[in-house]
Amino acid sequence: MWQGLVGVRADRGYSYRKLEKRADYVRDRLNYSPTDAIDTLRLFDGLGMEVRDGTGRDIPIHGAVIDLNGSEGYAKYDGDRHVIEILASPETYDWLEKGHPRGGFFVAHELGHCLLHTDQLVRLAQMPKAQQAALHRGGEGVGHKAYEDTEWQANAFAGALLMPARGLLILEQEHGKLSQDIITEHFPVSAEAAGYRLELYNDRKEQLL
């Protein structure tokens, strides 16, 4: 989940601070307070958000469950229907129904792609099918910075959406000191995701807040 650069170069770079602000904006739109745990199953089932592409068009975002031949899922643009879909495999959706952290992170991560890489998803849909998975597939010889990487951006956005810095600050004030266990008990995330987010929060608190 937190491995190095495995995406492609994004159209634009994003700092941790910018991604935090984007995630805060989404949480506000969804009526979640900084300390609320996001119901990712409800989010996936009720996706009715829209995102604006580079031409000023609003594109709806929907979720769907389909057989994906071993893939957990991905986001794609459907040009015929003019919609961006987050496609989840039956197994991934089962994780969501059971409250498994992996399912929740999947939704937050793919939503990040929808919001941050809208124009790239549209362009990919116009390519041959063999190339359409490029946004979600690593490759050799990555020649861009972390903040320019599509997968890094989606991961960082997902962490901010599920474990907002403003919420972590409140938990820190309540408990005196944050720990990985405190985060996993409060937010529906894995120990790995909580540990990474805690390290980032401790290192960049002023930037995130």
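Atoms considered below: every heavy atom in the structure, side chains included; atoms not considered: hydrogens, waters and symmetry mates.
Looking only at side-chain heavy atoms (C-beta outward), Tyr14 and Leu19 come within less than 4.5 Å of each other. Between Met163 and Ile183 there is a side-chain heavy-atom pair separated by less than 4.5 Å. The closest side-chain heavy-atom distance from Phe105 to Val189 is not below 4.5 Å. Residues Ile182 and Lys177 fail the side-chain proximity criterion, which asks for heavy atoms closer than 4.5 Å. Residues Gln180 and Arg197 form no side-chain contact, since every pair of their non-hydrogen atoms from C-beta on lies 4.5 Å or further apart. Residues Arg27 and Ile38 have side chains in contact (heavy-atom distance under 4.5 Å, counting atoms from C-beta outward). Looking at heavy atoms from C-beta onward, His186 lies in side-chain contact with Leu171 at the 4.5 angstrom threshold. Residues Leu41 and Asp39 have side chains in contact (heavy-atom distance under 4.5 Å, counting atoms from C-beta outward).
Taking the six-membered ring where the residue is Trp, the centroids of Phe157 and Trp152 are separated by 6.0 Å or more.
The hydrophobic cluster containing Phe106 also contains Met49, counting ILVMFWY residues as joined when their side-chain heavy atoms lie under 4.5 angstrom apart, directly or transitively. Under the 4.5 Å side-chain contact rule for hydrophobic residues, Leu209 and Leu198 share a cluster. A single hydrophobic cluster is not seen to contain both Val107 and Trp95; linkage of ILVMFWY side chains at heavy-atom distances under 4.5 Å, directly or through other members, places them apart. By the criterion of side-chain heavy atoms lying less than 4.5 angstrom apart, applied directly or through intervening Ile, Leu, Val, Met, Phe, Trp or Tyr residues, Leu208 is grouped together with Val26 in one hydrophobic cluster. Connection of Tyr147 to Leu115 is established within a shared hydrophobic cluster, with ILVMFWY side chains joined at heavy-atom distances below 4.5 Å, either directly or through further cluster members.
The line from OH of Tyr25 to NZ of Lys21 is 14.5 Å long, rounded to the nearest 0.5 Å. In this structure, CG on Leu87 lies 4.5 Å from CD1 on Ile66, to the nearest 0.5 angstrom. For the atom pair NZ of Lys76 and CG of Leu124, the computed distance is 10.5 Å after rounding to the nearest 0.5 Å. For the atom pair CD1 of Ile84 and SG of Cys114, the computed distance is 5.0 Å after rounding to the nearest 0.5 Å. Here the CD1 atom belonging to Ile59 is positioned 8.5 Å from the CG atom belonging to Leu121, to the nearest 0.5 angstrom.
Residues passing the ring-ring contact (aromatic ring centres under 6.0 Å, His included) test with Tyr93, sequence neighbours excluded: Phe44. For Glu50, the side chain to side chain contact (heavy atoms under 4.5 Å, CB included) partners are Asp58, Pro60, not counting sequence neighbours. Partners of Asp94 according to the side chain to side chain donor-acceptor pair (under 3.5 Å) rule, which considers only residues two or more places apart in sequence or in another chain, are Lys98.
Here the side chain of Gln153 pairs no donor or acceptor atom with the backbone of Thr150 at under 3.5 angstrom. A donor-acceptor contact shorter than 3.5 Å links the side chain of Glu20 to the backbone of Ala165. Glu110 contributes no side-chain N or O that, together with a main-chain N or O of Ile86, makes up a donor-acceptor pair within less than 3.5 Å. In this structure a side-chain-to-backbone donor-acceptor pair under 3.5 Å is missing from Asp119 to Asp53. At least one donor-acceptor pair under 3.5 Å links the side chain of Asp36 to the backbone N or O of Ser33.
Among all heavy-atom pairs drawn from Ala154 and Leu116, the shortest one is N-CD1, 4.5 Å. Considering all non-hydrogen atoms of both residues, Ser15 and Gln207 come closest at CB-NE2, 4.3 Å. The shortest non-hydrogen separation linking Ala37 to Tyr32 is O-CE2, 3.6 Å. Contact detail for Leu68 and Gly73: the closest heavy-atom pair is CD1-CA, 3.4 Å. In plain terms, the two heavy atoms of Leu43 and Leu111 that are nearest each other are CD2-CD2, 4.3 Å.
Pairs engaging residues 63-72 under the side-chain hydrogen bond (donor to acceptor under 3.5 Å, both in side chains) rule: Glu72-Arg102 [sequence neighbours left out]. Every pair passing side-chain hydrogen bond (donor to acceptor under 3.5 Å, both in side chains) that includes a residue from residues 165-176 is listed here, sequence neighbours excluded: Glu172-Tyr201, Glu172-Lys205. The side-chain hydrogen bond (donor to acceptor under 3.5 Å, both in side chains) analysis of residues 82-92, with sequence neighbours excluded, yields the pairs Tyr77-His82, Arg81-Glu85, Ser89-Thr92.
Taking the six-membered ring where the residue is Trp, His113 and His117 present tilted rings, their angle falling between 30° and 60°.
Between Ser179 and Asp181, the side chains place no donor N or O within less than 3.5 Å of an acceptor N or O (distance only, hydrogens not considered).
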Using side-chain contact (heavy atoms from CB on, under 4.5 Å), reason through Arg9 and Asp149 one step at a time and then give a plain yes or no. CA-CA 5 Å; Arg9 186 190 296 272; Asp149 189 78; over 6 Å; no

Check step by step if side-chain contact (heavy atoms from CB on, under 4.5 Å) holds for Thr40 and Leu162. CA-CA 9 Å; Thr40 49; Leu162 298 174; 4.0 Å; yes

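A salt bridge links Arg123 with Asp11: at least one charged nitrogen is closer than 4.0 Å to a carboxylate oxygen.
For Arg57, the CZ atom counts as densely surrounded, since its 6.0 Å shell holds more than 12 non-hydrogen atoms of other residues, nucleotides or ligands.
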